[in-house]
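What follows is a short report on a single structure.
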2 protein chains.
Amino acid sequence: MNKTVQRTVIFEELHGVKIHPTADEVYAMARKRMPNISIATVYRNLETMATNGDILRLDIAGKRRRYDADLSKHYHLRCRSCGGVSDISQAAISQVTQKLEKLKGVSGIEGYSLEFRGICEHCQNGEVK
Amino acid sequence: MNKTVQRTVIFEELHGVKIHPTADEVYAMARKRMPNISIATVYRNLETMATNGDILRLDIAGKRRRYDADLSKHYHLRCRSCGGVSDISQAAISQVTQKLEKLKGVSGIEGYSLEFRGICEHCQNGEVK
DNA sequence: ATTCTTTTTGATAATGATTACTATTACTAG
DNA sequence: CTAGTAATAGTAATCATTATCAAAAAGAAT
């Protein structure tokens with residue numbers, strides 16, 4: 001993994017924002033400092049960094065993949081209006097998860113999705129789908 | 001909303017499975033009964049049915065959209081191996097959400113994502129992104 | 001049932017996001 | 001400095017989904 005100007009720019013730009021940008025948004029930010037960086041370079045490096053554990057690839061609903069420079073465990077709020085993703089504090093989440101039923105009453109919160117990842121019985125038994 | 005053979009087939013096939021298929025998978029199932037149904041018809045009808053509230057459009061991580069004929073409130077497990085999505089009972093979820101920290105110990109569960117939807121402060125203040 | 005109007009279909013083109021490819025350029029050992 | 005490897009820009013290809021549109025099917029009215 002060589003050090004290149006492009007990689008540094010991408011990494012720094014991702015660290016510079018509190019939102020969780022898509023590759024496209026990182027591309028737009030990087031372009032300001034490096035006008036002819038390629039969109040392919042941005043996609044490629046975000047994926048590599050995520051695989052190396054240097055940044056987080058947010059596996060979240062929506063058709064555009066998002067990345068996060070904050071590696072600590074935290075949760076997200078997706079805005080119905082702008083489509084952006086922002087953080088929810090761990091403290092807030094704890095309260096909320098203890099009373100999921102009352103969620104709808106929380107200001108601004110309209111819904112949530114909870115998805116678990118693992119191996120289903122089917123696959124555990126070695127059956128071919 | 002007229003009644004057509006295609007619509008009936010799509011609806012019935014979706015009801016016939018416990019998995020939560022993608023449009024592609026519904027297409028494959030429908031084809032067995034109606035060899036020259038168009039993939040566009042499947043996409044179109046799944047979307048229409050979801051909008052009408054006849055089926056659920058699962059807004060879930062992953063690049064392929066999934067649909068569910070079970071309208072009751074429930075949660076999902078995505079399999080790392082086959083990529084499929086299966087159900088998790090409400091009872092199980094209740095226990096789990098009460099002790100999220102112990103999650104990793106549960107057999108087969110390797111991770112989860114929790115996403116809230118609503119309007120962020122930014123948009124609530126009418127700021128343009 | 002026949003005609004008229006509207007909806008739906010099948011086939012395919014278009015789109016948007018992401019990934020693959022490739023010739024060229026930049027790093028890094030030695 | 002030079003050979004060898006890795007990374008880049010530019011662009012083509014792919015994948016999932018959506019849009020388009022002429023032809024076929026449904027429903028309504030006669």
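Every chain is numbered from 1 and lettered A, B, ... according to where its sequence line falls, protein lines coming before strand lines.
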>> Given D:dA9, D:dA6, C:dG10, identify the nucleotide with an atom nearest to the side chain of A:Asn2.
In response: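 Of the options given, the side chain of A:Asn2 lies nearest D:dA6.
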> From the list C:dT18, C:dG10, D:dA26, which nucleotide is the closest neighbour of the side chain of B:Ala40?
Replying inline: C:dG10
Residue-phosphate contact under 4.0 Å: [X] side-chain N/O, [N] OP1/OP2:
| X | N | result |
| --- | --- | --- |
| A:Tyr43 | C:dT18 | yes |
| B:Asn36 | C:dA11 | no |
| B:Arg65 | D:dT17 | no |
| A:Gln6 | D:dA9 | yes |
| B:Thr41 | C:dG10 | yes |
| B:Thr4 | C:dT9 | yes |

> Are B:Asp70 and B:Leu56 close enough that some pair of their side-chain heavy atoms sits under 4.5 Å apart?
Replying inline: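 Sidechains of B:Leu56 and B:Asp70: no contact.
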> Got A:Pro21 and A:Met29 here, is their nearest side-chain heavy-atom distance under 4.5 Å?
Replying inline: yes
Measure from [atom1] on [X] to [atom2] on [N] and round the result to the nearest Å.
| X | N | atom1 | atom2 | value |
| --- | --- | --- | --- | --- |
| A:Arg57 | C:dT19 | CZ | P | 9 Å |
| B:Glu47 | C:dT9 | CD | P | 14 Å |
| A:Asn45 | C:dT19 | CG | P | 13 Å |
| A:Ile39 | C:dC21 | CD1 | C1' | 17 Å |
| B:Ile37 | D:dA25 | CD1 | C1' | 14 Å |
| B:Tyr27 | C:dT9 | OH | C1' | 13 Å |
| B:Arg64 | D:dT17 | CZ | P | 7 Å |
| A:Lys63 | D:dT14 | NZ | P | 21 Å |

>> What's B:Asp24 touching, base or sugar-phosphate or nothing? Going by heavy atoms closer than 4.0 Å.
In response: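 Result for B:Asp24 = nothing.
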> Relative to the 5' end of DNA chain C, which residue comes earlier, A:Ala23 or A:Arg44, by the nucleotide with the nearest heavy atom?
Replying inline: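 Mapping each residue to its closest nucleotide by heavy atoms, the 5'-most match is A:Ala23.
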> Can you find a side-chain donor-acceptor pair between A:Glu25 and A:Tyr67 that sits under 3.5 Å?
Replying inline: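 Checked: A:Glu25/A:Tyr67 side chains show no N/O donor-acceptor pair below 3.5 Å.
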>> Give me the atom names and distance for the closest heavy-atom approach of B:Leu14 to B:Asp68.
In response: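 Looking at all heavy atoms of both residues, the closest pair is CD2-C, 4.2 Å.
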> Is a salt bridge present between B:Lys32 and B:Glu13, judged by a nitrogen-to-oxygen distance below 4.0 Å?
Replying inline: no
> Between B:Lys3 and B:Tyr67, which has a closest nucleotide on DNA chain D that is more 5'?
Replying inline: B:Tyr67
